[in-house]
Structure formats: structure tokens, C-alpha cells
Asker: 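This structure is in C-alpha cells; I'll ask about it shortly.
Residue numbers begin at 1 in each chain, while the letters A, B, ... track the order of the sequences.
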Amino acid sequence: MSAVLELTDVTRVHGEGPAAVQALRAVSFRAHAGELVAVMGPSGSGKSTLLTLAGGLDRPTDGRVVVEGVELGALGNDERARMRRTSIGYVFQGFNLIPALTAAENVALSRELDGVAARTARAEARRVLEEVGIGDLADRFPDDMSGGQQQRVAIARAVVGERRLILADEPTGALDTETGEEILRLLRARCDAGAAGVLVTHEARHAAWADRVVFLRDGRVVDETGAESVDLLTEPAAR
Amino acid sequence: MSASTRGGWRVALRLARREALRRKGQTVLMLVLICLPVVAVTAAAIVWRTQDVSSAESVDRRMGSADALVETTGADRVVQGFDPYDSFGTFGEDDLSPGPNLGRGDVEAVLDVLGHDRPVIPLDRDSRLFETDRGVGDMEVVTTDLAHPLADGLLERVEGKYPPGPGEVVVNQALASRGPGIGDTLTVIRKTADGEKTLDLEVVGIAESTENRGYELAAGLPGAFGETENPTGRWLVGGGPVSWDDVRALNAIGVLVASRQVLTDPPPESALDPVAGGFDEPVDQVVVSVLALVGVMVLLEVVLLAGPAFAVRAKAQAHTLALVAAAGGTPGQARRTVLASGVVIGGLGGVLGVGIGIGIGAVAVPVAQLFDTTRFGPFDVPWPLLLLVAGFGFLSAVLAAVVPAFSASRQDVVAVLAGRRGERRLSVRSPFLGLALLGAGVAGAAVGAGTSGRGGGAGSVLIAGSALVSVVGMILVVPVVIALVARSAARLPLALRFAARDASRHRTRTVPAVAAVGATVAGVVALGIAVSSQEAANADAYVPMLPDGYGSVALSADADRSAVVDVLGRSLRDDQVVDVRGVQTSTDQGELEFEFRQGGDVLMLSHWGTLGSSYVVGAKVPDYVDLSADARAEADAVLDAGGLVLMRSERSYPEGYPAPELDGGPVTVDVRRWSPEEEASTATDVASAAAPSAVVEVSRSSPAVVLFSPRLLERLGLETSTVGMFIYGPVSEEAEKDLQEALAALPTAAYLYVERGYQPDAAVRIVQVVLAALGGILMLGGTLTATFLALSDARPDLATMAAVGARPRTRRTVAAAYALVVGGVGAVLGAPVGFIPGLAISQPLTRSWETGATAVDVPWLLILTVVAGLPLLTAAAVGACARGRLPLTARID
Ligand SMILES: Nc1ncnc2c1ncn2[C@@H]1O[C@H](COP(=O)(O)OP(=O)(O)O)[C@@H](O)[C@H]1O
Ligand SMILES: [Mg+2]
């Protein structure tokens with residue numbers, strides 16, 4: 001099975017000289033179709049950097065980032081933008097939605113930017129919103145939705161158009177436990193349906209939804225385990 | 001356009017629309033900035049077009065309900081445009097003189113062409129004198145068969161009886177207000193070869209001409225006001241449309257025709273005789289170029305004023321833009337999204353501005369009519385022009401969004417998503433480009449200043465273009481200056497330091513605001529210098545005739561001296577008035593001409609004079625000539641010897657004239673008389689004599705040119721008479737007014753002149769005040785919008801300040817400091833930039849065509865007020881208006 005996302009020896013340095021920060025150091029990482037990978041680590045360990053590189057929002061200082069067989073580093077700005085429209089979906093911790101657009105419009109955004117007719121895009125968006133269970137809220141504006149509903153819309157936006165790589169940066173951080181679980185279930189379902197997912201989280205409980213957990217510390221992968229062992233590793237510290 | 005670009009625009013426009021609704025306050029501000037010029041130009045265009053009466057619109061007022069107005073010319077043949085008022089030419093023997101007295105018979109010739117079954121009435125317009133309550137006035141008289149249906153529409157009944165019958169007239173309100181109202185008698189005075197004749201008519205009604213009001217007018221039946229002096233046969237013709245072919249046929253017999261059908265629905269241009277078609281005025285390239293440049297500058301100003309608003313909106317949208325990027329938006333999409341704000345605001349602003357402008361125009365038209373005697377045409381909305389104006393509004397908004405759009409497309413998406421933000425680094429190149437442009441502006445202006453004197457308007461165009469280049473250069477320098485101000489702010493008080501650094505950190509909104517203030521100040525300074533310099537040149541060129549407050553009366557040859565003295569005695573003391581004796585040069589026998597020679601050279605003398613003659617006489621120098629004791633003694637000696645004295649003042653000989661330098665020897669005087677015929681006047685030598693002479697310097701300008709001794713005039717055989725009076729000052733303005741009125745009432749001509757020194761044109765004053773006010777408003781507007789946008793933008797920072805215990809007053813002081821930074825930097829940058837075109841344009845404006853001398857006057861007070869006063873004033877106003885309360889929470893979206 002080929003990897004949907006493949007990072008090879010990726011290094012990202014911010015700034016120069018003595019002020020340089022090594023956000024990632026020679027990280028190699030894969031996510032396959034049907035797989036949900038959790039990325040854990042303390043704050044500042046490089047988790048978000050890994051996601052922005054994977055999503056083509058940022059370029060590595062060194063190393064290769066390949067999404068669905070395409071090396072992002074070789075692409076120009078516009079082509080990377082196109083990859084985000086067709087292959088990569090993003091979910092952030094909060095403020096995920098454009099306040100001036102309705103739920104359906106938010107979801108349809110990447111499709112419309114890709115040149116799909118407004119009506120078609122809207123219809124697709126409604127279908128995905130149904131799938132995440134909020135079909136009835138399609139015409140609401142984000143300000144009129146709860147945090148959980150907003151995150152569902154965000155997930156819908158990330159997956160619409162059959163995108164196969166979903167990058168979620170602490171998507172449940174701003175939600176209560178129960179709502180958070182709902183969001184993760186959706187993510188899990190999406191991966192079961194064939195997408196590759198990367199879930200950044202610092203809650204061990206959430207990692208349980210993942211097939212695999214990657215630990216980052218100071219920009220390095222320090223451990224990689226199956227999800228079952230996560231409890232053992234982190235529970236004592238959490239208590 | 002590819003599908004994804006189209007989709008991108010769709011999304012961008014949707015976002016812009018929604019954003020406009022979400023941030024209503026900001027949107028209103030943007031709309032106001034974009035709308036105002038559109039509203040102003042639209043309203044002005046409507047008043048202008050409505051006031052302007054086109055040929056088609058003038059049909060009713062010119063021909064009533066008739067189908068044509070025909071007019072004989074006396075020429076064999078005429079060629080006319082579609083409207084004979086616009087252009088016509090005559091051919092044949094009788095080209096110039098008005099036609100013979102054409103009677104009913106000539107109508108027959110007209111009807112031979114048009115058909116004899118048409119109704120025809122004569123229509124005549126002439127002028128007459130009439131007796132007013134206080135004297136005599138001028139009026140226009142219209143005579144036609146007012147009861148005839150063809151005359152419907154020429155006049156509008158206001159009250160009383162209409163139409164008048166035989167022996168009756170209707171008058172308009174302007175005439176009635178001077179005396180003869182309804183029921184009164186209108187006494188018409190007619191000057192004929194054998195004296196004045198009067199004619200009494202009964203005023204039965206008030207009616208207004210549909211063409212104009214304000215001028216006195218009376219209307220009656222044909223012949224009501226007596227015979228017309230030089231009648232042209234003019235008739236209203238009815239009975240169906242008069243075609244262009246009919247017009248041509250009548251032209252062939254020397255008749256001009258204004259045809260309703262031709263005027264309302266003109267045939268193609270090709271139907272015109274090529275002679276008549278060639279009367280178009282040439283378009284003045286210079287005027288067009290300067291207008292275009294002014295348009296560009298106004299556009300630039302609007303763009304700069306609106307710029308900060310778009311910058312702030314783009315910044316508020318930063319998170320949205322980052323999300324769009326995460327969802328697959330290209331950098332181009334970010335640009336599109338911000339530009340779309342310009343499109344939405346510009347489109348709305350253009351339409352709204354035109355709409356409001358039409359409304360204001362509708363209100364302004366009747367007001368403008370009050371100040372204009374010509375009746376306006378029907379309410380006229382010049383749609384193609386308004387489309388252009390709306391397009392201007394649209395363009396200004398889109399342009400205002402361009403810079404924010406480009407910075408938005410370069411924003412660091414990851415940083416924004418992570419909640420960090422920061423302005424991009426300063427461009428190193430743009431300030432140098434700016435300096436280069438400023439240099440080019442100076443060079444262009446200098447070249448333009450040099451050339452315009454000779455080359456006509458090309459120089460003005462160059463100067464205006466250079467002004468534009470300089471302003472653009474200044475805009476490019478603004479960011480560095482802001483950064484420098486911020487860097488040197490370390491020692492300043494907290495509020496100023498905060499304001500300076502904030503201004504520097506948020507350059508996308510600060511730069512256009514500062515530039516707008518700078519451009520405004522530059523404009524005010526440039527125009528100020530131009531206007532002051534021109535005033536200075538005018539004042540320089542002014543030659544006073546008399547000491548300030550002194551006066552003189554010039555009498556014509558047939559004037560009644562004692563009547564004039566009587567009148568003067570009413571307002572002045574006897575000892576204020578002295579007679580001026582001299583040679584009356586202008587009499588029934590023609591015009592006398594003097595020439596003075598010495599050693600074969602003709603002496604160039606000016607011909608100034610307010611005393612009735614430039615050639616005065618005296619056995620001694622009259623007291624009213626202001627001379628030093630030495631000069632007076634010298635002059636008296638020459639007069640005593642039967643000579644003549646040439647009076648010279650520095651001011652009466654424009655530089656470049658050879659001021660007469662006499663060698664002390666005799667001067668020869670030649671006198672010629674030009675015969676009284678206007679054309680083909682001939683000169684006959686009257687007399688010639690040589691006499692001792694002297695030149696004296698008079699301190700001011702001389703009231704006369706030459707002072708003859710009585711003996712010399714006797715030798716020349718010339719008579720002396722009282723040519724005028726000299727009035728010792730002071731003559732009050734009130735006395736002057738009374739005297740003017742009283743002298744005007746005398747049957748013979750006597751002209752009073754009172755020296756008041758150089759009087760600046762009232763229009764110039766008004767222009768100056770309007771400029772200053774406009775400059776102030778623009779500056780205030782630019783600074784205020786930028787400041788309040790900055791305050792709303794700086795909410796989070798202010799919230800932080802509140803959290804760490806800043807006093808409520810801090811917000812006020814920060815606001816005032818921000819206004820001071822924006823206004824101050826703008827003014828300090830703009831003022832020197834204004835000097836470039838200001839100094840340049842003052843050269844061609846003031847260059848004397850005689851001497852090539854130019855004047856420059858810098859209105860320092862105005863500049864100081866604008867540079868120092870206005871920013872302080874704005875800061876104070878902002879400080880007073882800003883809400884003192886600090887926001888405690890920051891909203892993020
Ligand atoms: N634009 C940037 N400039 C400088 N340092 C950065 C920048 N972005 C991230 N960093 C640094 O890189 C490291 C990794 O950051 P990040 O990936 O956001 O960590 P995490 O998401 O795990 O908390 C941190 O030390 C952070 O301060
Ligand atoms: Mg993070």
C-alpha cells in the first residue's frame with residue numbers, strides 16, 4: 001500500500017544565525033490510505049510545523065514532502081494551492097470557518113475555487129454536511145453555530161471533493177469532551193472510508209482513535225508506537 | 001477566464017459583499033469617501049446640462065407652437081447649419097447690411113416655397129426705453145399676434161389679462177418691479193432722427209418669457225411699440241413640419257429657417273452644406289490635457305483617502321484570507337478577494353453617488369435658476385457622462401484596494417493561522433524610486449516653467465504632469481519617513497511613541513493616509529503659490545493714476561461743466577475740486593494726435609490719463625501735479641519760457657520702453673487731426689512748433705502726460721478748455737457711489753474716477769477661500785478616517801494597555817497623537833512637494849509679455865497654517881472626539 005503522505009528527512013529552520021529555531025529536524029513520516037496517525041508531543045515540539053509542511057502551506061528547509069506521489073517542494077505556489085483544493089483537507093483548533101460564509105459555502109469553498117459550478121459545489125457540500133450530521137444547518141453562518149457544529153463543518157470542508165489527506169491540528173482543543181469524541185469519530189470514519197488522516201493532539205485519550213502514534217520532541221520523532229500502548233506510555237504522567 | 005478564475009471571482013465577490021454587510025460602519029465610511037466626488041460631479045453635471053438649453057430644447061421658447069421661425073437676411077442666398085443660430089453664412093451683394101424693409105410681400109416668397117395654406121404671423125424683437133419710477137430703463141419688446149395659437153409658448157401668463165389687445169401690453173415681473181404694474185401706464189420712449197417720441201400703453205397683465213427672466217420685457221401686438229428701426233422680416237409659420245429640403249429651398253432665396261422638425265430630429269451631418277458644417281470649434285489640446293491631469297489628481301486623492309479603509313478591511317480579513325489559502329486559494333485568490341471589496345464598494349458607491357447626485361441636482365437646479373436670468377431647459381440627466389462619473393467612483397475604489405490586495409497576497413498564511421501577525425519589511429527600492437521621481441518632477445517643472453512663456457500651453461501640461469510625478473514620488477518616500485519617525489520616537493511621550501510605532505507597524509493603512517494629507521497639502525501649497533504670485537504680478541503691474549483716495553472727472557467735449565460742478569458740490573467741499581485746463585482731443589471735428597520729436601527721434605509717451613485729456617495746460621505747474629520743489633522750479637521756468645514739460649514716472653513707462661531722455665534742447669510738437677469718419681479716417685497736419693522743454697519725474701504716476709504753456713498752445717493754434725476736474729482726497733466710497741449715480745443721470749458724459757489702489761479680484765479671493773476650505777476639509781477627512789481606522793485596528797493593543805492599567809484618557813491622547821503623526825508627516829512632506837509645481841506654474845502665469853519679468857510670492861502664512869496649524873487642529877479635534885473609554889475585550893475574527 002502506497003503512502004498518501006510521505007515526509008523524508010524533513011528539516012524546517014525558522015530564522016537565521018543565533019536566533020535560528022529548528023522546528024523539525026530530519027523527520028521522516030508516512031500516512032497511508034485508511035490510516036489515522038496521531039502526532040503527539042509537548043508544545044513547541046514541531047507538531048503544527050509538520051502539518052503546515054504536509055499541507056504545502058510552508059516549505060521545508062531540507063527534505064522531501066510527497067503527497068499522493070507529488071513532491072510539494074517542486075511545485076509553485078499556485079500548484080500547491082491546487083493540491084490543497086484537490087488532495088489535502090485542513091482542520092484547525094478553532095476559528096476554522098470564514099465568518100462571512102454559510103456552512104454550505106464554507107464547505108463548497110475549495111470546490112468553487114477549483115472551478116466547479118456554484119450549484120454543483122453547493123449540492124456536494126450539502127451531501128457532506130448530511131454525512132457529518134448537520135445537513136439542516138447548511139445555511140447558517142458560523143456565528144450562529146456551536147463550537148462542535150463548527151468543527152463538523154470544518155471536517156466536512158476538509159473532506160469534500162474526495163480529498164484523501166486530512167490534516168487536523170488539535171481539532172478538539174476548544175470542545176468539551178463529548179463533542180470532541182464526536183469529531184474524532186467522524187475523522188475515524190473518514191479514514192476507514194479510505195482517506196489518510198494526521199491528527200495532532202496532546203490528549204492521550206484521543207490518540208486511542210488512531211492506528212499509530214508518533215511522538216515528537218524538539219523537532220525529532222522520539223518514538224512511534226501502535227495506538228494500544230499509548231495509554232501505558234502517557235497515563236502515569238497524566239495522573 | 002478559466003473556470004477556476006471565474007469561481008475565484010465569484011467567491012471573492014461573495015466574501016466582499018458579506019464583509020461589507022458585516023462591517024457596516026466601515027462600509028459607510030468607504031462609501032462616503034468614494035461617493036462624495038461622484039455626488040458632487042453628478043450634481044454639477046445635472047445643473048450644467050439642465051441650465052444649458054440645446055437647440056431641440058429651445059424650440060418652444062423660440063417659436064412657440066409654430067413649426068418654423070423664418071427670417072429674411074437681405075442676402076441673395078444663405079447657407080445655414082441645422083440651427084441657424086449656431087451657424088450661417090450669406091452670399092450676394094448685400095452681405096453685411098441688414099435687409100431692406102421687408103413687408104407682407106416677402107412672406108409670399110416664403111409661402112411660395114412652403115405652400116400658401118400655412119398660417120403665418122410676424123414676430124419681432126427689439127429694444128426700447130421706458131419710463132421707470134426713478135428715470136429711464138431699457139427693455140426688450142416682443143411684438144406678435146399673441147392671441148394666435150402659433151404664439152403659444154413664447155410667453156407664460158403670470159397674472160392679469162393675456163393676451164393684450166390693441167393699445168395694451170403685458171410686462172414681465174422685472175419690468176413691473178421698476179414701476180409700471182397692472183393697471184398702470186407704460187410710457188415707451190423712442191429715439192428717432194427727429195427727437196424723442198413717447199407712446200403710452202396700458203399694462204393689462206404680467207407674463208414671463210419662456211426664454212429668460214430678469215431682463216425687463218414687454219409684449220404687445222404688432223406695431224404696439226411703434227415702427228421697428230431695422231426690421232428683418234421674421235415670421236412664425238405653422239401648418240405642419242418644415243423639412244430640411246424646405247429649409248434648403250428657403251436658404252436659396254436668402255431666408256434663414258429654424259425648423260422644429262429639423263431641430264428636434266436633425267438629418268444626418270452629411271446633409272449639411274460643407275460650408276456650414278465647418279464651424280465646429282477646435283478642441284483645445286492643452287485644456288484637454290490639463291483637465292485630464294486634474295482628473296488623474298482627483299482620482300489619486302480619492303484613492304489615497306480611501307486607501308486606509310481598504311487596508312484596514314484587508315487586515316481584518318487576514319484570517320479569512322488565510323483560511324481561503326488553506327482551502328486551496330492561490331495568492332492570486334487573496335488578491336482577488338481584497339480587490340473584490342473595491343469592486344463591491346466602488347460599484348455600490350458609483351451607483352449610489354450618481355443616484356444621490358441626481359437628487360441633489362434636482363434640488364440645486366431651482367436654486368441655480370435664481371442666479372441666472374436665462375430660463376433653464378427641461379431637467380436633463382446626462383447619462384453617458386454620469387456613467388463615466390460612476391466609472392470614476394468604481395475605478396477609485398478598485399485602485400484604493402490594489403496595494404492592500406498585493407500585500408494580502410504576500411501575507412504569511414502560517415503566521416496568521418498561528419495568530420501571529422506582522423507587517424512586511426520595508427522595500428529598499430521604492431524610496432529611491434520615489435526620490436528619482438521627485439527629481440524628475442523638479443526637472444520637468446523647471447523645463448515647463450521655462451517653455452510656457454513662448455510655447456503656449458505645452459509648458460503647463462508639462463508642469464501639471466510633473467506635479468503628478470512628484471506626488472507619486474512623495475508617496476513612495478512616505479514609508480521610509482514613517483519608519484524614521486518611529487525609530488526616533490524613543491524619547492517621545494508614551495502616546496506619541498505608541499502612535500508613531502503603530503503607524504510604522506501598520507504601514508498599509510498609514511501610508512495612504514499620510515500620502516493623502518501630503519497630496520492635499522501639496523495641492524494647496526501649489527495653488528496658493530500660483531494664486532499669490534499672480535496677485536503679486538497684477539499688483540506689480542498696476543499703475544495708479546492718482547494718489548490713493550483722490551479722484552478726477554473727465555469731461556467730454558459737449559459736457560456741461562456747471563452741472564458737473566453742481567453735482568460734485570453736493571458731496572465734496574469746494575476746495576477739494578479744481579478745474580483741469582487742457583486740450584480737448586476728442587471733438588466733433590475728429591481726434592487730435594500729438595507727436596513729440598527731438599533730434600529726429602519720436603518720443604514714446606504713454607497715453608494714460610483720467611483728467612479728460614493727457615495734454616493739460618498751465619502758466620505754472622498746477623498744484624495737483626505732485627513734484628519736488630526743484631523739479632517744480634525747473635518746470636515752471638520752462639513754462640515761463642513758453643515751453644512744454646513732459647511728465648515721467650517710473651510706472652507710466654513699462655520697462656523696455658525708451659524713457660525719453662532729453663538733451664535740454666527744444667522739442668518739436670506735431671499736431672494732426674484724424675477726420676471723424678469711423679472707417680477710412682484720414683489725418684491732416686494741423687500745426688507744428690518747436691519749444692523749450694523739460695522732463696520731470698513725478699512721484700506717482702502722472703495724471704497727465706504733457707503740460708503745455710499757454711503760449712505754446714497759442715502758437716499751435718489750439719484752444720484750451722476745462723477738460724476735467726481734479727479732486728483732492730479723500731473721497732469716501734459712499735461719496736463716490738453717490739457721485740457716480742448723480743453724474744450718470746446728467747445728459748452729457750462726465751466720468752468719475754477715484755483711485756483705490758490695486759483691488760484684488762473678488763473672484764480670486766473666493767477661489768482662495770474655497771481652496772483653503774477644501775484643503776482643510778480634505779486634510780481633516782484624511783487624518784480623521786486614518787485615525788479612527790487605526791483606533792479600531794489597534795483595539796487589541798489598547799485593550800492590553802487598559803489591562804496593564806492605562807488611564808481612560810490614554811485612548812484620547814493616543815488618538816490625538818496618531819492624528820498628529822499622520823497629519824504632521826503628511827504636511828511636512830507635502831508642502832515642499834507643492835513648491836515644485838507652484839513655483840513652476842507661477843512663471844508662465846506671471847510672465848509679462850512685454851518684459852518677460854516674472855513674479856513669485858510665497859504665501860508663508862497659508863503654508864505655515866497648513867503645515868503646523870492644521871495637524872495640531874486635527875489632533876485637538878480627534879482628541880476631543882475620541883471616546884475616552886478603553887476597550888476591555890478584543891474581538892477577533
Ligand atoms: N515563523 C516562525 N518563526 C520562528 N519560530 C517559529 C515559527 N513558527 C514556529 N516556530 C517555532 O518552531 C517550533 C515548533 O513550533 P510548532 O510547530 O508550532 O509547535 P507545536 O505545534 O508542536 O506547538 C517552536 O519552537 C516555535 O516557536
Ligand atoms: Mg501547534
Asker: What part of Arg6(B) is in contact with chain A, defined as an atom under 4.5 angstrom from a non-hydrogen atom: side chain, backbone, both or neither?
Answerer: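 No part of it gets close to chain A.
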Asker: Could you tell me whether Glu105(A) and Arg18(B) have a side-chain N and a carboxylate O separated by less than 4.0 Å?
Answerer: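 Yes, Glu105(A) and Arg18(B) are salt-bridged.
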Asker: Determine, stepwise, if the pair Phe92(A) / Leu323(B) fulfils side chain to side chain contact (heavy atoms under 4.5 Å, CB included).
Answerer: CA-CA 10 Å; Phe92(A) 305 100; Leu323(B) 285 174; 3.8 Å; yes
Asker: Give a yes or no on whether the backbone of Ala325(B) and the side-chain of Arg84(A) come within a donor-acceptor separation of less than 3.5 Å.
Answerer: yes
Asker: Is any side-chain heavy atom of Arg22(B) less than 4.5 Å from a side-chain heavy atom of Asp143(A)?
Answerer: yes
Asker: Checking Ala117(A) against chain B: side chain, backbone, both or neither under 4.5 Å from a heavy atom?
Answerer: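 Just the backbone, heavy atoms under 4.5 Å.
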Asker: Please identify, among Leu167(A), Asn106(A), Asn96(A), the residue contributing the most non-hydrogen atom pairs under 4.5 Å to chain B.
Answerer: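 Among Leu167(A), Asn106(A), Asn96(A), the one with the most close pairs to chain B is Asn96(A).
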Asker: Could you pull out the closest heavy-atom pair between Val116(A) and Arg10(B), with the gap in Å?
Answerer: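 Looking at all heavy atoms of both residues, the shortest contact is O-NH2, 3.1 Å.
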Asker: Of the options Leu113(A), Asp78(A), Asn77(A), which is the one that meets Thr330(B) in a side-chain contact (heavy atoms from CB on, under 4.5 Å)?
Answerer: Asp78(A)
Asker: Just so I understand: if I count every heavy-atom pair under 4.5 Å between each of Ala326(B), Gly329(B), Ala322(B), Gly7(B) and chain A, which residue has the most?
Answerer: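 Option with the greatest count: Ala326(B).
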Asker: Take atom CD of Glu79(A) as the centre, draw a 6.0 Å sphere, and report whether it contains more than 12 heavy atoms from other residues, nucleotides or ligands.
Answerer: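 Enclosed: over 12 neighbouring heavy atoms sit under 6.0 Å from CD of Glu79(A).
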Asker: Just how far is it from atom CD1 of Ile98(A) to atom CD of Gln317(B), taken to the nearest 0.5 Å?
Answerer: 9.5 Å
Asker: Do any of residues 396-404 of chain B have a heavy atom less than 4.5 Å from a heavy atom of chain A, and if so, which, in residue order?
Answerer: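 Within residues 396-404 of chain B, no residue comes under 4.5 Å from chain A.
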Asker: Give, for atom OG of Ser4(B) and atom CZ of Arg85(A), the distance between the pair rounded to the nearest 0.5 Å.
Answerer: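 Going from OG on Ser4(B) over to CZ on Arg85(A), the span is 5.5 Å.
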Asker: Mind checking which of residues 42-70 of chain A sit less than 4.5 Å from chain B, heavy atom to heavy atom?
Answerer: Thr52(A), Leu57(A), Asp58(A)
Asker: Looking only at heavy atoms, what is the nearest atom pair of Glu19(B) and Ala100(A), with distance?
Answerer: OE1-CB, 3.8 Å
Asker: Provide the closest heavy-atom pair for Ser110(A) versus Ala327(B) in the form atom of the first, atom of the second, distance.
Answerer: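 Minimum heavy-atom contact is CB-O, 3.0 Å.
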